[in-house]
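Atom set for the values below is all heavy atoms of this structure, side chains included, hydrogens, waters and symmetry mates excluded.
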Amino acid sequence: MFDSIADPVTLSRMQFAANITFHILFPSISIALCWFLLFFKLRFNSTGDQKWHDAYYFWVKVFALTFAMGVVSGITMSFQFGTNWPGFMMKVGNIAGPLLAYEVMTAFFLEATFLGIMLFGKNRVSDRIHTLSVYMVAIGTTLSAFWILVLNSWMQVPVGFEMRNGQAFATDWMAILFSPSLPLRLAHMLIASGLTVSFLIAGISAYRWLSGIKTAAVMAAMRTAVVVAAVLAPTQIVVGDFHGLVALEHQPAKIAAIEAVWHTEKGAPLVLFAVPNEKTQKNDFAIEIPHGASLILTHEWDGELKGLSSFDGKTPPVRPVFYGFRIMVGIGVLMLLASWIAVVKVRRGEVPNWVAKFLVAMTFSGWLATVAGWIVTEVGRQPYLVYGVLTTAEAATDTHSAMIVTTLLMYLTMYVLLAAAYITVLFHMARKNDGAPAPKTPAVAGVAQ
Amino acid sequence: MIPTELTFETLLPVVFVGLMAIAMLAYVILDGYDLGVGILLPLATDEQKDKMIDSIGPFWDANETWLVLGVGILLVAFPAAHGMILGALYLPVAFMLIGLTLRGVSFDFRVKAHDDHKPIWNALFFAGSLLSSLSQGVMLGLFIVGFDTSLASIVFSLFVALGLAAGYTMLGASWLIMKTEDRLQRHAVFWMRGALLMAALGVLIISAATPMVSTRVFDKWFSFPNIVLLAPIPLITTAIFISLERLLKVMPLPNDRLCWAPFAGTVGIFVLAFYGLGYSMFPYLVVDKLTIWDAASATEALKIVLAGAIVVMPSIMAYTVFSYRVFWGKSRELTYI
């Protein structure tokens, strides 16, 4: 046991997992939050109603903080490719490299540069240029999601390349760009971001409401958020289901782990809950719906599902994938319930206390579901880094374990403290009712002060 | 391997090392002034601290993106070198990342957190800026000595760290001279004179020590005709240092004349030092071990990236210039409205 924890591969994996988990928390907010901000701003421009301006003013501060967290944690990853996974670029760099380069060139500079104008340039540029800047940042964040998911999708389902001298060379860039698992993965992630932000806005607004800040702006933000959530939650369930079918076709081992199907069987049951046992290759304490998994995945009563034992040991660890999936789906169902109840209850501009408390409890539900979902997809790809092409162990560094332990502890300490600070400050900002400074009306906002 | 004939294939790595150099130089100058302002933070009063950070607030994020681009090009165009260099720099890289993270998040936390906690975030802003600067200096030093880890090389790298931090402080102080007024500006002039002295001393020591710790640099510098070609670098650098010192003695001038000159001069010093470094190292990415041609990606991959870069880079330049124009002149208090 100790051996496996102390080896550079395991340590590098733990370190990268810590980094990427911490990182995804913030883009999963900033991607969709920027579109919400754009909506608030456009509503203010068209109605002139102060409440939209105030909603923008509060949430743009959250956006600034979140964006900064995302940037700094993202930089860390661009270095860790080299420090911890040198084998990745050596083997598939000819494909991964250009994709990462396009992300930096088309997305990062766009969002980072216009962010300055969006945040601080409001009284230095015309309102139209300011609105344009919000558009640019929103497009930039979404573009960066696109590029990184292109790369991830290719790592899940590698296509459009050939191996020469142990290196991957692109043969068809269009195939690489739009690999079979991209469209649904992109949709799934963008909707996940939308849901994460909806529940963040709804939760923080409900918290403000409960703290006595019952302004029109708080209510406007909350109503927007729950309506968006009520639409996205069922959409996500459908998209997720189709996404699973793509995985069944290209990564059957991942599906076998998700459903904890140990041996190939016809009419496999849907395991609602169990403790998968790797030793006995059985599920202990299982609660099952007969034929359920076969029906969902193959749309046939007696459809055959390949079991974990049929992949020659090239299977992911079952438990994280199995539990991760159930956490994600469970939260998804809870989101559906919460958003539909909330939509019904807040439509008259009042919110019952119990609904507000429910929403507060759901504030970070999107984070949990997103992280659980990524655990399913990334751990589910193991033992491969690039499915069928490069194993994670082959890509790892031979840096001394002691060194990785040192940096891992440094990163973990910092991440825990920063995550705690982020949440604390978010609620601190929510409790403050300093209101927004009076806006200039849109028509004259372009005139320099 | 050093190719003997000039073809498109052998030229591509040269183009990419040029692009990487531009990105790195842009990073060093642009984030250099941010980090320098961070290093100067403890010297200022609370009110001045706000003004100092307001002056860099709209830019730091884009400035830091140049680092991602520089490392990105290393990763994309020279994957073998990316692994080897960052593997050799494992610890300083980790320290730099921690520093950059602390600095980056403190920007926001210091104004959004509870008022009582502001001093903590100010302290972290300073610590993060200093830690990043010193780590980058150590990385630069180890790069020059080809990642040798003998005692002499480590001591040399630590000196480079101090020198680079002093250089960044110069950039930061001169940025403040350009972007602020009144008392803060006068303080910045005073700070810059101190930083200038330390940076000049640093440049002197590093220049003297580099040929001693690196036989490669010794051979390259002290051979004909390089010695003639390189001679202008120390001469012009010295001239800039002396002019800056004389200018700073009388600053600020009436009507804020030449408030941009210290910044321009410091940028000049950085460009010259960077040119000297590049000339000394070329064509090696890891001294005497790995040339840009050894480390380069496949031509196909480089072509794809270059095509994108030709289209995208001009627009990045354009909106960067636009952003600087929007925030042109003396900085004002930052508000979201």
Is it the backbone or the side chain of [X] that comes under 4.5 Å from a heavy atom of chain A, or both, or neither?
| X | result |
| --- | --- |
| B/I85 | neither |
| B/V326 | both |
| B/M84 | neither |
| B/A81 | neither |
| B/I98 | both |
| B/W328 | backbone |

Please flag which part of [X] lies under 4.5 Å from any non-hydrogen atom of chain B: side chain, backbone, both or neither.
| X | result |
| --- | --- |
| A/V72 | both |
| A/M410 | both |
| A/L426 | neither |

If you measure from [atom1] on [X] to [atom2] on [Y], what distance do you get to the nearest 0.5 Å?
| X | Y | atom1 | atom2 | value |
| --- | --- | --- | --- | --- |
| B/H82 | A/W85 | NE2 | CH2 | 14.5 Å |
| B/I316 | A/M105 | CD1 | CE | 7.0 Å |
| B/L86 | A/Q80 | CG | CD | 10.5 Å |
| B/L97 | A/S73 | CG | OG | 11.0 Å |
| B/D108 | A/F67 | CG | CZ | 11.0 Å |
| A/M429 | B/H114 | CE | NE2 | 14.0 Å |

Considering only heavy atoms and a distance below 4.5 Å, find which of [options] pairs most often with chain B.
| options | result |
| --- | --- |
| A/F108, A/F169, A/Y102 | A/Y102 |
| A/M89, A/M136, A/M118, A/M69 | A/M89 |
| A/A170, A/P86, A/G97 | A/G97 |
| A/I95, A/L418, A/T397 | A/L418 |
| A/T406, A/V71, A/I75 | A/I75 |

Would you say [X] and [Y] make side-chain contact, with heavy atoms under 4.5 Å?
| X | Y | result |
| --- | --- | --- |
| B/P58 | A/L119 | no |
| B/V312 | A/F109 | no |
| B/F59 | A/T113 | no |

Return the option, out of [options], with the maximum number of heavy-atom pairs under 4.5 Å with chain A.
| options | value |
| --- | --- |
| B/F327, B/F107, B/Y324 | B/F327 |
| B/E300, B/E64, B/K112, B/R103 | B/K112 |
| B/G87, B/G83, B/A301, B/G104 | B/A301 |
| B/F322, B/W66, B/F95, B/W60 | B/W66 |

Heavy atoms of other groups near [X] [atom1], more than 12 under 6.0 Å:
| X | atom1 | result |
| --- | --- | --- |
| B/E9 | CD | no |
| B/D116 | CG | yes |
| B/K51 | NZ | no |

What are the two closest heavy atoms between [X] and [Y], and how far apart are they?
| X | Y | answer |
| --- | --- | --- |
| A/N94 | B/A298 | OD1-N, 3.1 Å |
| A/P98 | B/V76 | N-CG1, 4.0 Å |
| B/D61 | A/A112 | OD1-CB, 3.8 Å |

TODO: Could you tell me which residues satisfy ring pair (Phe, Tyr, Trp, His ring centres under 6.0 Å) with A/W52, sequence neighbours excluded, listed by chain and number?
DONE: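 A/W52: ring pair (Phe, Tyr, Trp, His ring centres under 6.0 Å) contacts with A/F39, A/F40.
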- [ ] Could you list the residues that satisfy salt bridge (Lys or Arg N to Asp or Glu O under 4.0 Å) with B/K330, not counting sequence neighbours?
- [x]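 B/K330 satisfies salt bridge (Lys or Arg N to Asp or Glu O under 4.0 Å) with B/D256 once adjacent residues are dropped.
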Task: Whether B/Y319 side chain and A/F114 backbone form a donor-acceptor pair below 3.5 Å - done: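 Side chain of B/Y319 to backbone of A/F114: no pair is present.
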